[in-house]
Amino acid sequence: MAAIITLLTDFGLRDPYVGVMKGAIATLAPTATVIDLTHGIAPQDVAAARFALLSAYPYFPCGTVHTVVVDPGVGTARRAIALATDHAYFVGPDNGVLSGVMAQVTVQGAVALENSHYWRTPHPSQTFHGRDIFAPVAAHLAVGVPIAALGPAIAPDTLVSLPWAPPHPQGQDWLGHIQAIDHFGNLITNLTAPFPGGTVEVLIGRETLPLHLTYGTVARGQPVAIVGSHGWVEIAVNGGSAQAHYQAQVGTPVRLRPAAPPG
């Protein structure tokens with residue numbers, strides 16, 4: 001099977017940046033299949049890119065090379081890195097964009113991308129590492145270059161993580177936060193539902209929402225809590241935007257608690 005390379009950026013589609021990255025890949029790995037996860041991440045939104053990658057990577061075949069270029073620190077001292085797991089490779093800046101994946105899988109190897117032999121040029125642009133470093137490295141991995149050849153090994157525990165606390169218990173409740181907001185204004189939390197029939201209390205507005213199966217189980221315009229296709233508890237408004245309804249943002253706290261017994 002031909003190698004697969006995914007691309008996830010904040011470049012949008014108006015400019016030629018995505019196409020140029022694909023050209024750099026095609027030069028080195030012309031038979032690779034390149035799949036666009038999204039190029040609609042808001043500019044410099046590392047948190048949104050982290051969630052998009054976290055939501056997407058499990059659905060790709062073993063050996064896929066996932067390439068993320070949401071890189072507000074391009075050209076600075078931030079490291080360019082590649083990770084190997086038992087299922088895939090991940091290429092991108094060391095700015096927390098890979099930290100969601102790192103929390104779910106065991107990193108078998110991590111390297112700093114310092115071997116310029118595997119760059120497009122030994123003198124890369126200080127503003128476009130996606131073209132000159134990340135895309136060529138992804139192509140080399142796709143054609144079988146071992147990760148150890150790309151640069152010196154680095155300890156996984158030195159990689160940058162976004163500064164968010166994981167969910168934690170408080171009595172019978174679990175406390176978490178909104179980790180992403182999608183195109184529909186749905187509020188995606190970092191909580192899973194450990195008990196059936198639970199309720200979600202949205203701290204903004206002090207509302208308590210029973211956990212439903214789907215959006216359409218409440219009237220149009222009403223808020224609802226569900227477990228989304230990604231496996232996280234999600235707060236939505238049927239036919240509307242939960243972000244607007246709650247004036248919420250990434251980081252807004254959310255509480256999950258057992259449902260009160262009937263009667």
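In this chain, numbering begins with 1 at the start of the sequence shown.
Using a distance-only test at 3.5 Å, with no hydrogens or angles considered, a donor-acceptor pair links the side chain of T85 to the main chain of A88. Judged by distance alone, with hydrogens and angles left aside, the side-chain atoms of N238 form no donor-acceptor pair with the main-chain N or O of G216 at under 3.5 Å. Judged by distance alone, the side chain of D71 and the main-chain N or O of T9 form no donor-acceptor pair under 3.5 Å. Side chain of Q247 to backbone of A244: a donor-acceptor contact under 3.5 angstrom is found. Side-chain atoms of Q179 come within 3.5 Å of backbone atoms of T189 as a donor-acceptor pair (strictly under, hydrogens ignored).
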Return a table of donor-acceptor pairs under 3.5 angstrom between the side chains of residues 52-60 and protein atoms on other chains or two or more places apart.
residue: S55; atom: OG; partner: F51; partner atom: O; Å: 2.9
residue: Y57; atom: OH; partner: Q104; partner atom: OE1; Å: 2.9

Only distances under 3.5 Å count here; give the side-chain donor-acceptor pairs of residues 155-163 to other protein atoms, sequence neighbours excluded, each with its distance to 0.1 Å.
residue: T158; atom: OG1; partner: R79; partner atom: NH2; Å: 3.2
residue: T158; atom: OG1; partner: A155; partner atom: O; Å: 2.7

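One distance of note links CD of Q108 with NE2 of H87; it measures 12.0 Å at 0.5 Å rounding. The CG atom of D94 sits 6.0 Å away from the CD1 atom of I154 when rounded to the nearest 0.5 Å.
In this structure, R131 has no salt bridge (charged side-chain N to carboxylate O under 4.0 Å, His left out) partners at least two apart in sequence or on a different chain. Residues that satisfy the side chain to side chain donor-acceptor pair (under 3.5 Å) test with D36, not counting sequence neighbours, are K22, H39.
In this structure, N186 and A236 approach most closely via the heavy-atom pair OD1-CB, 3.2 Å.
Ring geometry for H117 versus H140: interplanar angle under 30°, hence parallel rather than tilted (30 to 60°).
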- request: Quick one: do E207 and H245 satisfy side-chain hydrogen bond (donor to acceptor under 3.5 Å, both in side chains)? Show the steps, please.
  value: CA-CA 11 Å; E207 292 188 44; H245 180 86; 3.2 Å; yes
Worked verdict on L191 versus W232 for side-chain contact (heavy atoms from CB on, under 4.5 Å): CA-CA 6 Å; L191 293 160; W232 306 105; 5.8 Å; no
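A salt bridge (Lys or Arg N to Asp or Glu O under 4.0 Å) check over residues 120-129, counting only residues at least two apart or in different chains, returns the pairs R120-D132. Each salt bridge (Lys or Arg N to Asp or Glu O under 4.0 Å) pair with one or both residues in residues 228-255, not counting sequence neighbours, appears once here: D173-R255, E201-R255.
With a 6.0 Å radius and a threshold of 12 heavy atoms from other residues, nucleotides or ligands, Y89 has its OH atom at or below the threshold.
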